[in-house]
Amino acid sequence: MRLAVLTTLTMIAFAANSVLNRLAVDSGAIDPSSFAMIRVTAGAIALCMILTVRGGSLPVFARGRLIGAASLAAYMIGFSLAYVSLDAGLGALILFGTVQVVMFGWSAFRGAAPTRRQLTGAGIAFVGLALALWPTDGAAGDVMGAALMVIAGIGWAIYTLAGKNSTDPLATTAANFVVAIPLLLVLLVGAGLHAAPSGIALAIASGAVTSGLGYALWYTVLPQLRGQTAPVIQLSVPIIAIASGALLLGESVTVSVIAAAILVLGGIALTVTAPAVPADHK
C-alpha cells in the first residue's frame, strides 16, 4: 500500500509540472524563460538540500555532466516555451510519446533487435504522436508549440539515457540541475522577461516540489518496481495531465486528443510489455 501511494504521488507530481507551467505562462503571470530559470534554480536548491540531509557529494565535474546538464536545459526550454500555446494534457502526451519513441529508436540503433510486437507497438505510438502533432484548427494544431515539446522530449530522452548507469541518481540529478542554471541564463536571458509574484510562486512549486521532490520520490520507489512496471506506470502521466487540464484549467478535450492518447499510450504499453528476445534468437 505504501509503495502504491508513493508511486501515485510521483505520477501526480510529474503531471503537475505540465499544469503548473501552463497555468503560469498562459495567465501571463510570468514569461516562459523566467519560469524555466526559476524552476531549475528552485529544483537545484531543493535537490541539494535533500542531498545534504542524506549525505554525499555533489559531482558537478563528473564525466558526462555537460551532456546531462545540456539535455536538461533543452528539456526545460522546450517545455516552458511550448506551453505558451499547448494545452497541458496535449503537451504531456507529445512529451511522453517523443521520449518513448526516441528511447526505443536508440535501443534498436544500439543493436537490441526489436520483436514484431515491439515494432507494432512503436508504429502505433508513432501514428498517435503524428496525430497529436498534425496541424488542425483544434487544440492539437499549434505547430510551433508541438515542435518545441518534441525538442523537450528529445532533451529528456537524452537526459534519461545519459544518467541510466548512474550509481547515485539523486546526486547526479542535483549536479545536472546546478550546471544547467548557467546554461539557461546564457540561452534565455533577454528582452521581455517579467514575473508577477503568482508566477514566481508557481515556478518555485514546479521546481522545488513537483520536479525536485518528485524526482527524489521517483528514485525512492523506482528500485521497488518490478521489470516493466516502471515504464507502464508512467503511462498514467499524460492521462492525469489531460484530466487535470480539463478540470483545473478548463481545457477542451477534443476527439483528436483522445484518439492520439489511446494510440500513443496503447502503442507504448504494447512495446514495453513485450517479452525480451533471447540472446540466441534469430
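Positions are given from 1, in the same order as the sequence printed here.
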query: From Asp87 CG over to Ser18 OG, what is the distance, rounded to the nearest 0.5 angstrom?
result: 11.0 Å
- request: Go through Ser256 and Thr254 one step at a time and tell me if the side-chain hydrogen bond (donor to acceptor under 3.5 Å, both in side chains) criterion holds.
  value: CA-CA 5 Å; Ser256 62; Thr254 64; 3.0 Å; yes
query: Between Arg22 (side chain) and Asn17 (backbone), is there a donor-acceptor pair under 3.5 Å?
result: no
field: Validation row: Ile30, Leu202 side chains within 4.5 angstrom (heavy atoms)
entry: no
statement: d(Glu251 CD, Asp26 CG) to nearest 0.5 Å is 7.5 Å
query: With side chains defined as the heavy atoms from C-beta onward, is the minimum distance between Leu90 and Met149 less than 4.5 Å?
result: no
message: Using 0.5 Å steps for rounding, measure from the CG atom of Leu58 to the CG atom of Leu47.
response: 9.5 Å
query: Are any of the side-chain heavy atoms of Trp156 and Met76 separated by less than 4.5 Å?
result: no
task: Go through Phe14 and Thr210 one step at a time and tell me if the side chain to side chain contact (heavy atoms under 4.5 Å, CB included) criterion holds.
output: CA-CA 6 Å; Phe14 287 172; Thr210 57; over 6 Å; no
message: I want to check something: taking the side chain as every heavy atom from C-beta on, are Leu265 and Phe96 in contact at a cut-off of under 4.5 Å?
response: yes
- prompt: Going from CZ on Arg39 to OG on Ser211, what distance comes out if it is rounded to the nearest 0.5 angstrom?
  reply: 3.5 Å
field: Gap separating the OG1 atom of Thr7 from the CZ atom of Arg2, nearest 0.5 angstrom
entry: 10.0 Å
- request: If a pair satisfies ring-ring contact (aromatic ring centres under 6.0 Å, His included) and one of its residues is in residues 239-260, list it, with sequence neighbours excluded.
  value: none
message: Checking Asp168 against Arg54 for the side chain to side chain contact (heavy atoms under 4.5 Å, CB included) test, could you report, in this order, the C-alpha distance in whole Å, the side-chain angles of both residues, the deciding distance, and whether it holds?
response: CA-CA 12 Å; Asp168 190 344; Arg54 191 207 65 177; 2.7 Å; yes
statement: When rounded to the nearest 0.5 Å, the distance separating OG1 of Thr98 from CZ of Phe126 is 9.5 Å
message: Can you confirm whether Asn21 sits close enough to Ser80 that some side-chain heavy atom of one is under 4.5 Å from a side-chain heavy atom of the other?
response: yes
query: Within a strict 4.5 Å, meaning less than it, do heavy atoms of the Val178 and Cys48 side chains meet?
result: yes
task: Ignoring hydrogens and angles, state whether a donor on the side chain of Ser34 or Asp31 is under 3.5 Å from an acceptor on the partner side chain.
output: yes
message: Could you work out, with ring pair (Phe, Tyr, Trp, His ring centres under 6.0 Å) as the rule, every residue matching Phe79, not counting sequence neighbours?
response: Tyr75, Tyr83
field: Side chains of Leu213 and Leu217 in contact at under 4.5 Å (non-hydrogen atoms)
entry: no
message: Measuring only between side-chain heavy atoms, which start at C-beta, is Pro59 closer than 4.5 Å to Arg65?
response: yes
